[in-house]
Amino acid sequence: LNAFSTLALVNKPFEEIAHDIVSNVSAITGYPIVAIELYDEQNQLMEFVASVGVFPGESASILKVPVEETLSGVVARTGAPVFETDAMTREEYRYEILRQLAVQSFICLPMKIENRILGTLTLASPETVNSDDIQIALINSLANYLALFVEKKRNEKERDKLQTQLIQSQKMEAIGTLAGGIAHDFNNILGAILGHNEMARDALPLNSTIAKDLDKSISAIHRAAALV
């Protein structure tokens with residue numbers, strides 16, 4: 001767990017850290033197939049965020065599978081861990097992914113915080129593997145640790161989102177303040193221009209050409225003032 005804690009502190013995207021974790025779990029436990037899946041309760045999907053031994057070339061794209069089509073979906077919905085050493089002969093484990101990988105033994109544990117299921121940690125093998133109580137306890141501890149790690153990353157993502165929104169709001173507020181200041185200064189300038197135009201017009205005969213031109217200028221100043 002100390003090694004996994006060190007991995008979690010590395011400044012990398014969540015998916016990269018998760019992939020490093022499943023690779024280490026596979027190497028330590030001897031299970032060739034390891035997967036971390038997140039539970040999307042709202043859409044009833046399981047999201048493969050990191051795995052080894054599942055997909056050819058271990059595609060970096062996140063695969064989403066309906067919960068009813070995977071064993072991990074059953075674990076995510078019930079919160080109950082599943083252990084099996086003879087999956088190929090069991091009718092209830094006839095899931096497409098398990099059959100494609102010829103999985104014989106597996107351990108599938110919920111990643112949970114209190115009563116919330118965040119996802120699952122699955123270890124599988126095409127061979128019959130009998131894990132002892134100590135190994136299962138360690139894997140269960142890792143699943144719980146992963147739940148805390150996932151929650152931490154989600155909180156960080158939400159915090160960053162709120163921070164971005166705050167910065168954007170502050171920018172808009174600053175732009176509004178600047179625009180208000182410019183509008184105020186512009187109105188002051190227009191007021192001065194308007195005053196001088198009105199004084200000049202009042203000093204002229206009503207029917208003079210210049211007075212008429214000044215009337216047009218005064219009208220334009222009023223329209224400009226209305227814009228701000």
Side-chain angles (χ1 to χ4, degrees), residues 1-67 69-73 75-76 79 81-82 95-98 100-101 103 106-114 116-126 129 131 135-168:
L1 288 179
N2 288 335
F4 297 126
S5 297
T6 301
L7 280 174
L9 294 175
V10 175
N11 186 22
K12 288 183 179 180
F14 168 66
E15 289 77 11
E16 289 186 25
I17 296 174
H19 183 74
D20 290 342
I21 289 174
V22 295
S23 297
N24 278 272
V25 170
S26 179
I28 292 171
T29 64
Y31 279 88
I33 301 168
V34 180
I36 295 174
E37 300 168 66
L38 298 184
Y39 179 37
D40 181 352
E41 185 175 7
Q42 180 177 358
N43 297 307
Q44 287 296 290
L45 295 171
M46 299 301 296
E47 302 179 7
F48 283 82
V49 294
S51 63
V52 291
V54 179
F55 307 109
E58 300 304 338
S59 173
S61 61
I62 296 178
L63 174 66
K64 298 182 180 181
V65 181
V67 293
E69 295 181 11
T70 68
L71 174 67
S72 57
V75 173
V82 176
Y95 297 99
E96 182 179 354
I97 292 178
L98 295 183
Q100 288 177 349
L101 298 173
V103 168
F106 59 76
I107 300 171
C108 188
L109 297 167
M111 292 160 30
K112 59 183 179 180
I113 297 178
E114 297 178 347
R116 292 186 297 118
I117 309 298
L118 303 185
T120 59
L121 172 63
T122 302
L123 290 74
S125 173
V129 179
S131 298
Q135 187 179 43
I136 291 175
L138 288 172
I139 296 171
N140 187 62
S141 296
L142 176 59
N144 291 332
Y145 171 78
L146 285 172
L148 293 173
F149 176 61
V150 169
E151 184 80 344
K152 176 177 177 290
K153 288 297 181 180
R154 284 180 175 175
N155 289 340
E156 288 176 353
K157 186 175 181 179
E158 183 63 23
R159 182 198 63 199
D160 292 343
K161 179 181 177 181
L162 292 174
Q163 182 68 21
T164 300
Q165 291 175 344
L166 176 61
I167 293 173
Q168 185 65 21

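As the structure is a prediction and not an experimental result, all values here were calculated from the model.
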Once rounded to the nearest 0.5 Å, what's the spacing between atom [atom1] of [X] and atom [atom2] of [Y]?
X	Y	atom1	atom2	answer
K153	L38	NZ	CG	13.0 Å
F149	I17	CZ	CD1	4.0 Å
T29	N24	OG1	CG	10.5 Å
L166	Q168	CG	CD	10.5 Å

Heavy-atom side-chain proximity of [X] to [Y] below 4.5 angstrom:
X	Y	value
Y39	Q44	yes
I33	F106	no
M111	I36	yes
V52	H19	yes
S51	V22	no
R159	N155	no
L121	L146	yes

Applying side chain to side chain donor-acceptor pair (under 3.5 Å), can you list everything that pairs with [X], at least two apart in sequence or on another chain?
X	value
E156	K152
E16	none
D160	none
Q100	E96

Review point. Do side-chain atoms of N140 reach the backbone of I136 as a donor and acceptor pair under 3.5 angstrom?
Key: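 The answer is no, because no donor-acceptor pair under 3.5 Å joins these two groups.
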
Review point. Hey, does the side chain of T120 reach the backbone of L109 with a donor-acceptor pair shorter than 3.5 angstrom?
Key: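 No: the side chain of T120 does not pair with the backbone of L109.
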
Which heavy atom in [X] sits nearest to a heavy atom in [Y], and how many Å separate them?
X	Y	value
V54	V34	CG2-O, 4.4 Å
K112	I117	CB-CD1, 3.6 Å
P126	P32	CD-CG, 3.8 Å
A76	M46	CB-SD, 3.8 Å
L71	C108	CD2-CB, 4.3 Å

Review point. Can you name the residues that form a side-chain contact (heavy atoms from CB on, under 4.5 Å) with L148, not counting sequence neighbours?
Key: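 Once residues adjacent in sequence are excluded, the partners of L148 under the side-chain contact (heavy atoms from CB on, under 4.5 Å) criterion are I113.
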
Review point. With sequence neighbours excluded, what pairs up with D40 under the side-chain contact (heavy atoms from CB on, under 4.5 Å) test?
Key: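 Here the qualifying residues are Q42, N43, L45, E47.
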
